[in-house]
Number of protein chains: 2
Amino acid sequence: MSTSKSETVVSLNSLKVACRECSLNSLCLPLGIAAADLERLDAIIDRKRPIARGEHLYRCGDSFQAIYAVRSGSLKTYATSEDGQEQVMGFQLPGELVGMDAIVDSAHPLSAVALETASVCEIPFSKLESLSGELPSLQRQLLRLMSQEIRDDQKTMAVLAQKSAEERLAAFLISLSTRFHQRGFSPVRFNLSMSRGDIANYLGLALETVSRLFTRMHDDGLLRVDRKEVELLDREKLCLFAGANCAHQPPRKTSGHTP
Amino acid sequence: MSTSKSETVVSLNSLKVACRECSLNSLCLPLGIAAADLERLDAIIDRKRPIARGEHLYRCGDSFQAIYAVRSGSLKTYATSEDGQEQVMGFQLPGELVGMDAIVDSAHPLSAVALETASVCEIPFSKLESLSGELPSLQRQLLRLMSQEIRDDQKTMAVLAQKSAEERLAAFLISLSTRFHQRGFSPVRFNLSMSRGDIANYLGLALETVSRLFTRMHDDGLLRVDRKEVELLDREKLCLFAGANCAHQPPRKTSGHTP
DNA sequence: CGACGACATTGACGCAGATCAAAATCACCT
DNA sequence: AGGTGATTTTGATCTGCGTCAATGTCGTCG
């Protein structure tokens with residue numbers, strides 16, 4: 001299925017790609033930046049070689065030099081408590097930024113590891129800082145992305161604080177679905193790059209519970225699962241389970257944003 | 001008990017106070033800003049009249065105009081789900097900023113309400129944005145404070161995902177204790193401006209559980225509680241509870257798992 | 001290809017904490 | 001003061017999900 005020719009195309013595709021040609025630029029840092037200014041941003045970004053599954057982008061405690069944008073593949077971030085326990089804090093998809101939690105004291109509080117082969121753009125923070133002093137649109141987008149992260153984390157807190165196991169998993173799947181959709185992929189059929197254990201850990205559940213929920217949801221006709229692949233058969237109902245803050249809500253006030 | 005003279009002093013104190021004279025400036029936006037530049041920040045900040053307990057600073061859905069710094073008193077932020085349920089997302093003490101979660105789409109995703117009489121500084125966001133384009137030290141501090149918020153939220157997520165009820169309450173009390181200490185108050189004796197219900201909601205527990213935990217912790221000699229007032233009698237042990245796992249009265253299992 | 005280890009599913013059981021219920025205490029009126 | 005509603009405490013019961021345990025399945029490598 002792969003020829004040397006297609007491989008060449010892939011490498012070019014994954015290794016160069018300036019921001020202006022990147023299909024993710026409307027989700028990422030370049031959003032709203034004029035073409036002329038975009039070159040200056042491009043100039044400070046380092047496209048790193050792909051990192052393999054299991055390889056770390058940085059580890060907890062590492063000194064903070066840069067934030068990273070996922071270009072392809074996916075990452076997970078996690079904390080390690082002194083007793084060696086791991087707490088998964090999030091999963092990052094293409095177009096999402098990682099490492100903004102390290103700005104405050106120049107050391108990473110989490111570790112970031114690739115869940116599958118992934119490529120990232122490294123954005124040296126000191127350069128980003130000075131450039132965003134010069135480009136208001138860049139400054140604005142950086143603040144927006146950090147604000148978005150705060151909001152997403154709050155959403156997760158709410159899920160953990162008040163949802164049942166089934167609702168948590170539904171919310172998780174809907175979140176992934178929405179994010180895949182934004183990135184041009186199918187919102188109903190996608191791959192889970194993380195293990196059941198990672199999902200359970202992230203959602204504050206036991207691994208066995210997640211497994212049971214998948215079979216239960218399958219039996220209820222909500223989805224199909226085969227190993228890593230999921231297909232959402234009834235996204236509507238999953239949205240309701242999740243706490244209903246998905247698209248299409250007729251009886252609502254102004255074009256609404258719900259928490 | 002009040003003369004016109006003392007009242008004048010109080011009003012001056014609570015209504016004016018430039019950043020440079022504010023005891024909280026090393027926790028707040030002014031940190032790291034040179035005296036000359038501080039005046040420019042001061043100029044855009046509006047000191048609002050105190051808001052009463054129960055009064056809202058903003059409500060979910062309100063258009064986003066400004067972020068706020070708590071000067072005195074305390075706030076809580078909360079989301080309301082479509083079924084009317086409330087989810088407490090955080091409590092803000094003097095020196096802390098609220099509203100940064102609204103930057104991304106110019107509407108507040110949460111509501112903010114005073115838990116007791118409180119005064120806040122209103123910082124119009126568009127002015128803050130342009131000023132931080134001119135003052136690198138302000139830009140840096142704004143990014144740091146947002147990064148701090150991300151980090152705090154992640155900490156809360158971890159607590160919700162993997163701690164038992166008792167550990168959650170301990171973590172909450174230690175967090176408050178630390179924050180009061182940073183603000184120059186006693187780290188062992190302070191007032192809970194929020195109700196048991198708010199604490200329970202924030203920690204993802206039932207109100208009754210929180211009440212029972214307070215009595216249990218009291219019986220165990222960890223703290224004293226009288227209505228709203230708490231005194232931490234064994235901060236060390238509470239820290240252990242809050243952090244990793246800790247041996248406790250019930251029949252001991254192997255060594256400690258997630259409950 | 002067969003075997004080993006990592007990951008996933010399924011079942012049985014118990015407990016932490018939710019829920020239901022009621023009493024006690026506090027805050028705030030007139 | 002004293003009465004009323006909100007808040008908190010305490011008790012009794014129920015249950016969702018964690019824990020333990022065993023079996024099943026996939027991916028990988030000799």
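Residue numbers start from 1 in every chain, and the chains themselves are labelled A, B, ... in the order their sequence lines are given, proteins ahead of strands.
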Just the rounded figure in Å: distance from [atom2] of [N] to [atom1] of [X].
{"X": "F214(A)", "N": "dT10(C)", "atom1": "CZ", "atom2": "P", "answer": "13 Å"}
{"X": "L213(B)", "N": "dT8(D)", "atom1": "CG", "atom2": "P", "answer": "15 Å"}
{"X": "R196(A)", "N": "dT10(C)", "atom1": "CZ", "atom2": "P", "answer": "11 Å"}
{"X": "R168(B)", "N": "dA16(C)", "atom1": "CZ", "atom2": "P", "answer": "14 Å"}
{"X": "E167(B)", "N": "dA16(C)", "atom1": "CD", "atom2": "P", "answer": "12 Å"}
{"X": "H218(B)", "N": "dT10(D)", "atom1": "NE2", "atom2": "P", "answer": "10 Å"}
{"X": "D198(B)", "N": "dT8(D)", "atom1": "CG", "atom2": "C1'", "answer": "13 Å"}

Whether E116(A) and K76(A) form a salt bridge (side-chain N of Lys/Arg under 4.0 Å from carboxylate O of Asp/Glu) is what I want to check. no
Could you check whether E55(A) pairs with K48(A) (Lys NZ or Arg NE/NH1/NH2 to Asp/Glu carboxylate O, under 4.0 Å)? no
Just checking, is any N or O donor in the side chain of N201(A) or E86(A) under 3.5 Å from an acceptor N or O on the other one? no
Considering only dG18(D), dT10(C), dG17(C), which nucleotide approaches the side chain of T215(A) most closely? dT10(C)
Of all the choices, dT10(C), dT9(D), dG17(C), which nucleotide is nearest to the side chain of L207(B) once you look at every atom? dT9(D)
Across the strands shown, which category fits A206(A) at heavy-atom distances under 4.0 angstrom: base, sugar-phosphate, nothing? base
Across the strands shown, which category fits S211(B) at heavy-atom distances under 4.0 angstrom: base, sugar-phosphate, nothing? base
For every nucleotide of nucleotides 21-28 of chain C, 5' to 3': is a protein heavy atom under 4.0 Å from its base (B), only from its sugar-phosphate (S), or from neither (-)? B----SS-
Aromatic ring proximity F190(B)/F185(B), centre distance under 6.0 Å: no
N/O (side chain, T209(A)) to phosphate O (OP1/OP2, dG18(D)) under 4.0 Å: yes
Side chain R212(A) and base dG16(D) donor-acceptor under 3.5 Å: no
Side chain to side chain donor-acceptor pair (under 3.5 Å) pairs touching residues 203-213 of chain B, sequence neighbours excluded, are none
So which pairs with a foot in residues 176-188 of chain B pass salt bridge (charged side-chain N to carboxylate O under 4.0 Å, His left out), sequence neighbours left out? E96(B)-R179(B), E96(B)-R183(B)
Compare every heavy atom of M89(A) with every heavy atom of A158(B), then report the nearest pair and how far apart it is. CB-SD, 4.3 Å
